[in-house]
Chemist: 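Structure below; questions to follow.
Atoms within a ligand are numbered from 1 in the order they appear, just like the ligands themselves. A quick note: this is a predicted structure, and the numbers were derived from the prediction, not measured.
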Amino acid sequence: MSSFKTLDDIGDVTGKRVLVRVDLNVPMSDGAVADDTRIRAAMPTIRELSDKGAIVLLLAHFGRPKGAKNPTQSLSLVIDGVADVLGHSVMFIPDCIGEGAQAGVAVLAPGDVAVLENTRFHAGEEKNDPAFADALAEIGDLYVNNAFSAAHRAHGSTEGIAHRLPAYAGRAMEAELKALDAALGNPAHPVAAVVGGAKVSSKIDVLKNLVGQVDHLIIGGGMANTFLAARGVDVGKSLCEHDLVDTANAIFDAADKAGCTIHLPYDVVVAKQFAPNPPTRTVNVHEVAADEMILDVGPAAVEALADVLKNCRTLVWNGPLGAFETPPFDTATVALAKTAAALTREGSLISVAGGGDTVAALNHAGVAQDFTFVSTAGGAFLEWMEGKPLPGVDALKA
Ligand code: ADP
Ligand code: MG
């Protein structure tokens with residue numbers, strides 16, 4: 001892993017103004033924070049800096065105000081949520097740059113924590129305007145990026161500022177980068193990837209990148225139907241992107257050349273209606289009837305996939321194997337997730353997973369805490385799986 005500095009390298013921060021980019025883009029309901037997971041994720045970094053006597057200035061975006069002030073997207077709305085998790089009061093500063101910000105910061109004492117107003121109230125944030133980044137850098141002495149979830153965007157508060165102040169990874173960012181490095185950067189082989197979910201079209205770049213990186217590519221979910229169709233299987237009424245059969249064939253070819261084994265289900269669970277607990281059949285993929293839909297991977301395939309994982313040292317997982325929100329089509333996802341969790345607990349597998357529905361599926365299976373690392377970063381996690389550079393991370397390494 002090319003190196004970046006962490007809080008271990010930051011030195012004496014007493015009385016220093018530390019700008020900490022965090023993810024405060026929390027879901028709200030009735031004017032209050034509805035889910036404080038992201039706030040809690042930022043806490044170790046905030047506490048550590050505050051305890052060391054820094055003046056902690058939290059920088060974040062909130063919603064999509066598109067460069068204009070909008071009271072419904074003011075970060076003042078999350079102050080109480082941040083204070084609740086921190087256990088003491090938090091100041092609010094009504095701008096993140098300029099005189100308003102300077103005046104607010106000037107009255108803070110070592111150890112204080114303040115939230116600066118939504119960075120996206122300024123058009124320069126999303127444009128990564130140098131003048132905006134300069135103005136941000138004037139507010140602080142040091143910069144800490146703790147928001148991996150925003151690192152796929154080259155914005156003023158994620159990228160521009162990192163070139164203007166001494167820049168460090170916060171604890172959550174550090175943990176995420178270490179986990180991702182262990183999964184794909186510098187992994188122990190054999191490496192397996194599970195890619196599922198609804199559509200090939202949303203994950204073409206993920207699949208193309210992974211065939212060159214992993215030893216086993218396990219394809220499940222609705223997207224497996226497109227690959228089965230490319231192999232000449234009649235998938236009946238299943239979700240299937242017939243126009244992507246050429247893309248699927250190109251991925252088969254790339255995998256062959258790279259020595260990556262692609263695993264498709266050979267038995268599947270089918271139903272005529274997509275509804276909770278309909279009549280189902282478990283059949284070989286060649287026995288799907290014209291009026292049936294494939295909604296989950298079958299038990300024989302799951303057993304074979306469990307054997308693949310038993311022989312692997314590393315697993316990276318994005319996308320459920322079936323339509324897991326609708327019982328009983330959660331069965332394969334839950335079973336394989338439990339296998340991965342057990343192998344991780346035994347110490348034979350490093351398991352890293354991410355993706356909105358994937359996190360929900362692992363929580364549903366009750367195994368998220370047993371995985372080595374579960375990323376809640378969404379878009380940034382997918383771009384990382386696509387092998388794309390992450391500007392917010394690269395700026396920390398510069
Ligand atoms: P993530 O959010 O983890 O990246 P995706 O959004 O790509 O995952 O995929 C999740 C969706 O895929 C779920 O809503 C799930 O119901 C759907 N899905 C999985 N398998 C099938 C299938 N066989 N047919 C239809 N939908 C499926
Ligand atoms: Mg999703």
Side-chain angles (χ1 to χ4, degrees), residues 27 149 152 180 183 193-210 217-229 233-242 244 248 263-278 280-283 285 288-289 291-299 301-302 305 315-337 340 351-365 367-368 371 373-386 388:
S149 58
H152 56 315
L180 299 189
V194 171
V195 182
K199 290 183 170 178
V200 175
S201 51
S202 64
K203 296 195 181 163
I204 292 173
D205 291 338
V206 169
L207 295 163
K208 283 185 179 160
N209 181 43
L210 288 177
L217 177 59
I218 294 166
I219 300 177
M223 71 172 63
N225 303 334
T226 301
F227 285 88
L228 289 168
V233 172
D234 183 348
V235 296
K237 262 195 355 182
S238 304
L239 177 67
C240 180
E241 294 166 287
H242 292 282
L244 288 181
H263 301 263
L264 289 172
Y266 46 81
D267 66 336
V268 286
V269 181
V270 297
K272 288 182 184 166
Q273 312 133 262
F274 188 15
N277 300 305
T280 62
R281 297 196 309 138
T282 298
V283 296
V285 290
V288 178
D291 60 349
E292 287 177 324
M293 284 171 278
I294 300 173
L295 292 167
D296 202 8
V297 171
V302 169
L305 296 177
L315 166 67
V316 49
W317 186 330
N318 170 259
L321 294 180
F324 77 101
E325 303 94 332
T326 310
F329 308 113
D330 57 341
T331 308
T333 303
V334 169
L336 198 65
S351 52
V352 174
D357 291 291
T358 308
V359 175
L362 296 182
N363 283 327
H364 168 72
V367 299
F371 271 56
F373 190 81
V374 176
S375 173
T376 55
F381 181 85
L382 266 189
E383 291 201 19
W384 165 78
M385 279 192 88
E386 290 169 352
K388 295 198 175 135

Chemist: Within the structure provided, determine whether Phe227 and Leu207 are in side-chain contact (heavy-atom separation under 4.5 Å).
Modeler: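 Phe227 reaches Leu207 side chain to side chain.
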
Chemist: Using a 4.0 Å cutoff against the non-hydrogen atoms of Asn318, which atoms of ligand 1 qualify?
Modeler: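 Those of ligand 1 that fall under 4.0 Å from Asn318 are 3 (O), 4 (O).
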
Chemist: Closer than 4.0 Å to some heavy atom of Gly322 - which atoms of ligand 1 meet that?
Modeler: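 Numbered from 1, ligand 1 contributes 15 (C), 18 (N), 19 (C), 20 (N), 21 (C).
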
Chemist: Specify the protein heavy atom at minimum distance from atom 9 (O) of ligand 1: its residue, its atom name, and the distance to 0.1 Å.
Modeler: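 Atom 9 (O) of ligand 1 sits closest to the protein heavy atom Gly197 CA, 3.1 Å.
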
Chemist: Identify, for atom 12 (O) of ligand 1, the protein heavy atom at the shortest distance, and state residue, atom and that distance.
Modeler: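 Atom 12 (O) of ligand 1 sits closest to the protein heavy atom Ala198 N, 3.0 Å.
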
Chemist: In terms of atom number and element, which parts of ligand 1 are under 4.0 angstrom from non-hydrogen atoms of Gly222?
Modeler: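 Within the 4.0 Å cut-off of Gly222, ligand 1 contributes 19 (C), 20 (N), 21 (C), 22 (C), 23 (N).
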
Chemist: Of all the N, O or S atoms in Asp357, which one sits nearest to the Mg ion (ligand 2)?
Modeler: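 When I compare the N, O and S atoms of Asp357, OD2 is nearest to the Mg ion (ligand 2).
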
Chemist: Looking at Asp205, is its backbone amide N or carbonyl O close enough to the side chain of Asn209 to form a donor-acceptor pair, meaning the two atoms are under 3.5 Å apart?
Modeler: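 Looks like no, no N/O pair under 3.5 Å.
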
Chemist: Assess Lys203 for proximity to ligand 1: is some non-hydrogen atom of it under 4.0 Å away?
Modeler: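 Yes, that is the case, since the closest heavy atom of the residue is under 4.0 Å from the ligand.
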
Chemist: Where on Ile294 is there a heavy atom closer than 4.0 Å to ligand 1, on the side chain, on the backbone, on both, or on neither?
Modeler: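 Within the 4.0 Å criterion, Ile294 contacts ligand 1 through backbone atoms alone.
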
Chemist: I want to confirm something. Looking only at heavy atoms, which of Met223, Met385, Glu325 is nearest to atom 14 (O) of ligand 1?
Modeler: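 Ranked by closest heavy atom to atom 14 (O) of ligand 1, first place is Glu325.
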
Chemist: For atom 2 (O) of ligand 1, state which one of Asp357, Leu382, Leu362 supplies the nearest heavy atom.
Modeler: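 It is Asp357 that holds the nearest heavy atom.
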
Chemist: What atoms of ligand 1 come closer than 4.0 angstrom to any heavy atom of Pro320?
Modeler: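 Counting atoms of ligand 1 from 1, those under 4.0 Å from Pro320 are 8 (O), 9 (O), 10 (C).
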
Chemist: Which is closest to atom 3 (O) of ligand 1 by heavy-atom distance: Thr358, Val359, Asp330?
Modeler: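 Looking at heavy atoms only, the winner is Thr358.
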
Chemist: Would you find a donor on one side and an acceptor on the other, under 3.5 Å apart, between the side chain of Trp384 and the backbone of Glu386?
Modeler: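 Side chain of Trp384 to backbone of Glu386, a donor-acceptor pair under 3.5 Å: no, none is there.
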
Chemist: Kindly assign one of parallel, tilted or perpendicular to the pair His364 and Phe324, based on the angle between their ring planes and the thresholds 30° and 60°.
Modeler: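 Geometry flag for Phe324 against His364: tilted rings.
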
Chemist: Nearest to atom 25 (C) of ligand 1 by heavy atom, Val206, Leu239, Thr333: which?
Modeler: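 Result: the heavy atom closest to atom 25 (C) of ligand 1 is in Leu239.
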
